[in-house]
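Data first, discussion second: the structure below is written as structure tokens.
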Amino acid sequence: MGKRFMLFFLATILIVNANVLQKLPGLNIDLVGTTVSGISSGAYMSGQIHIALSSFIKGSAIVAGGPVGCTRGYLIYATTECMSNPQDLNIKSVDESIDKLNKDQKIDDVSNLKGAKSYIFAGLKDTTVLPLNGVHLQDQLTKLGVQLKTVYDIPAEHAYITNGFGNVCDFKGSPYINNCSYNQAYESLNYLYNGKLKAGTKAVDSNLFEFNQQNYFSSFMTSLYSSGYVYIPTNCADGKKKCRLHINFHGCKQSVEVLGTNYIKMIGINDVAEANDIVVLYPQTTKSPVFPFNPEGCWDWWGYTEWNSMLAPTGYYNFNSAGLNFLSKEALQIKSVWQMAQDLASVKKASEKLEQE
Ligand SMILES: *[C@@H]1O[C@H](CO)[C@@H](O)[C@H](O)[C@H]1NC(C)=O
């Protein structure tokens with residue numbers, strides 16, 4: 001290796017490390033009232049974690065998703081009934097799955113969902129997760145007593161929607177962020193926070209931190225990336241002010257492994273967060289070609305993190321259910337993400353500065 005290259009190489013490593021928090025800071029956050037959001041597989045994950053932890057999570061913004069438990073642990077339903085063929089969905093079987101999780105106390109009691117809020121967005125021109133999936137979600141959450149704002153009239157393809165960044169509104173493709181002249185980040189969070197959010201502030205670049213996500217999983221089955229990200233508004237950094245927590249879940253092919261920090265910086269949530277003292281956690285998945293079967297780095301909404309999903313006749317394509325555990329409080333990804341949330345909200349560590357190495 002040439003000397004100049006070596007120097008460059010070392011300098012790069014140092015710079016990268018300088019921005020990585022080895023530990024999440026303990027901030028002044030009340031976890032009751034946490035909100036979540038996500039697109040596509042992240043939309044499904046948002047619904048899942050909302051229902052699993054409804055005693056803490058009081059709002060979800062679900063963009064291009066469908067009903068919680070839609071797949072019932074079958075990969076085959078992920079691509080059919082829960083994406084391209086929602087007209088075939090066996091709604092009764094989905095309802096029974098949630099009932100069972102509730103009776104077995106694998107999720108927080110669903111009575112916590114009464115009065116919670118969800119924002120549901122289905123793009124008129126979405127050809128990946130057809131809009132009817134959103135309507136099924138609306139029906140499910142209505143039965144559970146959740147208050148809803150639905151947005152079905154924007155001619156959007158499969159994407160997170162912005163007012164000015166990304167591809168044209170009806171384009172389908174990477175980074176799956178489309179400009180439909182609509183500020184989805186603000187509109188959705190403002191609904192979840194009772195219409196009281198301020199608009200118009202810009203995020204501060206240096207308030208975005210990469211953190212070591214490896215502290216939060218012990219098994220490769222979790223399919224999480226080595227790093228996650230957290231946006232800490234200026235007013236929340238010293239732990240004096242009580243702040244709120246929002247967790248956003250990227251879609252498939254949108255993790256930092258694929259897009260760098262583009263998604264995190266451009267969807268607009270950090271702007272809303274800076275203006276309203278909301279800490280935003282961006283957990284990250286990793287791509288995994290076979291074990292587990294997650295080649296696009298999706299969040300787990302069909303059970304790929306369960307060992308059962310390996311017991312498939314054709315190797316990895318699973319024609320049997322992986323079970324329902326991936327929807328529960330004990331699901332690998334939900335447990336990992338909630339541990340991050342708990343660490344961010346551990347006031348006892350509030351005196352610790354943002355430790356950097
Ligand atoms: C976003 O879309 C609108 C409507 O098509 C267009 O007028 C505007 O210039 C676009 N913004 C950017 C930054 O591309």
Side-chain angles (χ1 to χ4, degrees), residues 35-43 46 60-66 83 118-135 137-138 148-193 195-208 210 229-231 233-234 246 248-276 278 280 282 284 296-297:
T35 60
V36 297
S37 64
I39 154 146
S40 199
S41 72
S46 301
S60 51
I62 300 177
V63 177
M83 287 175 68
S118 292
Y119 162 100
I120 300 174
F121 181 93
L124 263 182
K125 297 197 172 169
D126 194 326
T127 57
T128 301
V129 177
L130 298 191
L132 182 59
N133 293 288
V135 178
L137 171 65
Q138 176 186 354
L148 299 173
K149 175 183 171 78
T150 58
V151 180
Y152 297 151
D153 59 351
I154 294 180
E157 246 293 1
H158 193 62
Y160 195 94
I161 305 308
T162 69
N163 182 15
F165 178 81
N167 293 310
V168 294
C169 194
D170 61 359
F171 181 84
K172 176 164 161 174
S174 186
Y176 301 96
I177 303 173
N178 286 0
N179 167 20
C180 301
S181 306
Y182 173 74
N183 188 341
Q184 182 152 66
Y186 179 77
E187 295 299 334
S188 59
L189 268 72
N190 193 38
Y191 175 71
L192 300 184
Y193 290 106
K196 289 182 179 147
L197 296 191
K198 286 177 259 175
T201 304
K202 277 265 159 257
V204 178
D205 270 353
S206 58
N207 286 348
L208 179 67
E210 183 179 350
Y229 284 77
V230 60
Y231 185 86
T234 307
H246 181 76
N248 177 271
F249 298 94
H250 60 72
C252 309
K253 303 184 209 165
Q254 283 184 317
S255 70
V256 291
E257 212 176 6
V258 182
L259 296 182
T261 53
N262 245 358
Y263 171 86
I264 294 168
K265 288 183 176 161
M266 302 315 291
I267 59 173
I269 291 185
N270 297 340
D271 298 336
V272 182
E274 184 64 34
N276 297 284
I278 301 169
V280 189
Y282 293 96
Q284 298 291 313
E296 295 183 346

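We count ligands from 1, going down the list as the structure has it; atoms in each ligand are counted the same way. Residue numbers count from 1 along this sequence.
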_Any protein heavy-atom neighbour for atom 5 (O) of ligand 1 (distance below 4.0 angstrom)?_
no
*Exercise check, heavy-atom protein proximity under 4.0 Å to atom 11 (N) of ligand 1*: yes
*Stepwise, does the side-chain hydrogen bond (donor to acceptor under 3.5 Å, both in side chains) test hold for Asn163 with Tyr186?*
CA-CA 10 Å; Asn163 182 15; Tyr186 179 77; over 6 Å; no
*How close does the nearest protein non-hydrogen atom get to atom 2 (O) of ligand 1, and which residue and atom is it?*
Asn179 ND2, 2.5 Å
Under 3.5 Å, which donor-acceptor pairs do the side chains of residues 252-259 form with other protein atoms, sequence neighbours left out?
residue, atom, partner, partner atom, Å
Gln254, OE1, Gly251, N, 2.7
Gln254, NE2, Pro175, O, 2.8
Gln254, NE2, Tyr176, O, 3.2
Ser255, OG, Glu257, N, 3.4
Glu257, OE1, Thr286, OG1, 3.1
Glu257, OE1, Lys287, N, 2.9
Glu257, OE2, Thr286, OG1, 3.0

*Ser181: numbered ligand 1 atoms lying under 4.0 Å from its heavy atoms*: 2 (O), 3 (C), 4 (C)
*What is the distance from atom CD1 of Ile267 to atom CD1 of Ile161, rounded to the nearest 0.5 Å?*
11.5 Å
*Counterpart residues, side-chain contact (heavy atoms from CB on, under 4.5 Å), relative to Ala61 (two or more places apart)*: Ser37, Tyr119, Ser188, Leu192
*Check whether the side chains of Gln184 and Thr162 place a donor and an acceptor atom closer than 3.5 Å, and report yes or no.*
no
_What protein heavy atom lies closest to atom 13 (C) of ligand 1? Include the residue and the distance to one decimal._
Gly164 O, 2.8 Å
